[in-house]
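Working notes for the structure below.
Just so it is clear, the model here is predicted, and its values are computed rather than measured. In what follows, chains are A, B, ... by sequence order, proteins preceding strands, each numbered from 1.
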2 protein chains.
Amino acid sequence: MTALQTLESEVDASCCTTSGKPALSAKEAQQRALVFKALADPNRLRLLSIVKAGESGEACVCDLTEPLDLGQPTVSHHLKILVDAGLLHREKRGTWAYFSLVPGALDDAAGLLATL
Amino acid sequence: MTALQTLESEVDASCCTTSGKPALSAKEAQQRALVFKALADPNRLRLLSIVKAGESGEACVCDLTEPLDLGQPTVSHHLKILVDAGLLHREKRGTWAYFSLVPGALDDAAGLLATL
DNA sequence: CAACCATATCGACGGATTTCAATTTGTTGC
DNA sequence: GCAACAAATTGAAATCCGTCGATATGGTTG
């Protein structure tokens, strides 16, 4: 269960049917903060950007270490955080791991700001 | 100059006129990360939420310490981070400091995700 | 099986972040 | 001026985060 998936189930169970706008509960705030924490690092923003900008829509770790000028373990670490947040999808084919944007995930994250 | 204002001037000077989508530069990524860093804390999300939910659209520090169960210096610290990020506006009237959402700031932040 | 390659994980280090208690600043009212 | 109050700042402690080197895992190829 990624952070964004957890948030979507929260919405189902919460109270946004009519018009009342109670402030964010501590629990909801913590869940949303997980997503923004994943976005709160310049190198992770660049990873998302590079994956998004690529022709094929996907990239492997070896394509990402050079433009970021970071070691391979560090890039793997950042990618894991983005996957755990529900922003990236990871597919292993052979020796390589290909990462792609989860469809709609960035829009969902943007929506978290609109519904604060 | 807040983080969001800096980002808006970046847009003016950058290359988004036609269609090419070069990946985020290190500098751009760092600027955007500043905004998401401000959003990456559950207590700060709650502060934004409480200010937004309030009738008058503004709140002072003394209104915010109790619902967050944090000390006054800590709340002041979080509010300063949100002001520096360009998300909140601070207006001092008498002894009290009133904080309100900067109009459009949350939308701008959401837009940063759409244009990665 | 053995060598190799891409990726993931581990352990550690340095720097940033969150929080609080104590103090300071600045304003109001006596 | 002085007492009282709201807010900001300071300093310190605990925790968290980003990074790296070393190592482990797992698939591919000879």
Side-chain angles (χ1 to χ4, degrees), chain A residues 2-3 26 29-48 50-51 54 56 58-85 87-100, chain B residues 2-3 24 26-27 29-48 50-51 54 56 58-85 87-100:
Chain A
T2 70
Q30 185 153 6
Q31 286 294 333
R32 299 194 188 198
L34 282 182
V35 179
F36 294 119
K37 266 196 234 285
L39 295 166
D41 180 89
N43 286 318
R44 287 198 287 272
L45 289 180
R46 297 189 77 193
L47 286 172
L48 291 173
I50 293 171
V51 169
S56 62
E58 57 183 14
C60 65
V61 179
C62 57
D63 295 329
L64 299 169
T65 47
E66 187 213 321
L68 262 62
D69 198 36
L70 288 177
Q72 171 265 317
T74 304
V75 173
S76 267
H77 172 242
H78 285 310
L79 288 168
K80 177 172 167 47
I81 289 174
L82 291 169
V83 169
D84 289 346
L87 297 167
L88 281 186
H89 172 246
R90 176 182 177 277
E91 183 187 353
K92 195 151 190 184
R93 292 202 298 270
T95 311
W96 290 270
Y98 292 90
F99 293 85
S100 54
Chain B
T2 70
L24 234 49
K27 197 170 192 172
Q30 184 152 6
Q31 287 294 335
R32 299 195 188 196
L34 283 182
V35 179
F36 294 119
K37 265 196 235 286
L39 295 166
D41 180 273
N43 286 319
R44 287 197 289 271
L45 289 180
R46 296 189 77 193
L47 285 173
L48 291 173
I50 292 170
V51 169
S56 62
E58 57 183 14
C60 65
V61 179
C62 56
D63 294 330
L64 298 167
T65 48
E66 187 213 322
L68 261 61
D69 199 33
L70 289 177
Q72 173 264 319
T74 304
V75 173
S76 266
H77 171 243
H78 285 309
L79 289 169
K80 176 172 168 47
I81 290 175
L82 291 170
V83 169
D84 289 346
L87 297 167
L88 280 187
H89 172 247
R90 176 181 178 277
E91 182 187 354
K92 195 150 190 184
R93 292 203 299 271
T95 312
W96 291 270
Y98 291 91
F99 293 86
S100 55

Query - Among D:dA7, D:dG18, C:dT18, the nucleotide that comes nearest once only the side chain of B:Asp41 is considered - result: C:dT18
Query raised in the report: Does a nitrogen or oxygen in the side chain of B:His78 sit under 4.0 Å from OP1 or OP2 of C:dT19?
Result: yes
Requested in this report: Please determine if a side-chain N or O atom of B:Thr95 lies less than 4.0 Å away from the OP1 or OP2 oxygen of D:dC5.
Outcome: no
Requested in this report: Identify whether any heavy atom of A:Arg44 sits under 4.0 Å from a base atom; if not, whether one sits that close to sugar-phosphate; answer base, sugar-phosphate or nothing.
Outcome: sugar-phosphate
Query raised in the report: Considering only C:dA8, C:dC20, D:dA7, which nucleotide approaches the side chain of B:Cys62 most closely?
Result: D:dA7
Query raised in the report: Which whole-number value in Å describes the distance from A:Leu47 CG to D:dT19 P?
Result: 10 Å
Query - Touch class at under 4.0 angstrom, heavy-atom based, for B:Lys80 against every strand present - result: sugar-phosphate
Requested in this report: Between C:dA22, D:dG18, C:dT19, spot the one nearest the side chain of A:Ile81, thanks.
Outcome: D:dG18
**Report entry** Length of the CG-C1' vector between A:Leu45 and D:dG18, whole Å
**Finding:** 14 Å
Query raised in the report: Above 12 or not: heavy atoms from other molecules or residues under 6.0 Å from CD of A:Glu58?
Result: yes
Report summary line: Between A:Gly71 and A:Trp96, the residue closer to the 5' end of DNA chain D by nearest nucleotide is A:Gly71
Requested in this report: Return the value, rounded to whole Å, for the distance between atom CG of A:Leu82 and atom P of C:dA8.
Outcome: 12 Å
Query raised in the report: Can any side-chain N or O of A:Arg46 pair as donor or acceptor with the backbone N or O of B:Leu24 at less than 3.5 Å?
Result: yes
Query - base_contact_polar (C:dA6 base, A:Gln72 side chain, donor-acceptor, <3.5 Å) - result: no
Query raised in the report: Nearest-Å distance, CG (B:Leu79) to C1' (C:dT17)?
Result: 16 Å
Query raised in the report: Do any side-chain nitrogens or oxygens of B:Arg90 fall under 4.0 Å of OP1 or OP2 in D:dA7?
Result: no
Report task. Whole angstrom is fine here: how far is it from CG in A:Leu68 over to P in C:dT7? Result -> 14 Å
Query raised in the report: Closest to the A:Val61 side chain: C:dT19, C:dT7, D:dT19?
Result: C:dT7
Requested in this report: Measure the distance from CZ on B:Arg93 to P on C:dT27 and round it to the nearest whole Å.
Outcome: 15 Å
Report task. Looking at every strand, decide which applies to A:Tyr98 at a 4.0 Å heavy-atom threshold: base, sugar-phosphate, or nothing. Result -> nothing
Report task. Any chance you could measure A:Thr2, atom OG1, to A:Leu34, atom CG, to the nearest 0.5 Å? Result -> 10.0 Å
Query raised in the report: Does B:Ser76 place a side-chain N or O at less than 4.0 Å from the phosphate oxygens OP1/OP2 of D:dA8?
Result: yes
Report task. Measure from CD on A:Gln30 to C1' on C:dT18 and round the result to the nearest Å. Result -> 13 Å
Query raised in the report: Would B:Leu70 and B:His78 satisfy side-chain contact (heavy atoms from CB on, under 4.5 Å), going step by step from the backbone distance to the final call?
Result: CA-CA 10 Å; B:Leu70 289 177; B:His78 285 309; 4.2 Å; yes
Query - Separation of atom NZ in A:Lys37 from atom C1' in D:dT15, rounded to whole Å - result: 12 Å
Requested in this report: Starting at CG of B:Leu79, measure out to CG of B:Leu48 and round the result to the nearest 0.5 Å.
Outcome: 9.0 Å
**Report entry** Sidechain-backbone polar pair: A:Lys37 side chain, B:Ala40 backbone, donor-acceptor under 3.5 Å
**Finding:** yes
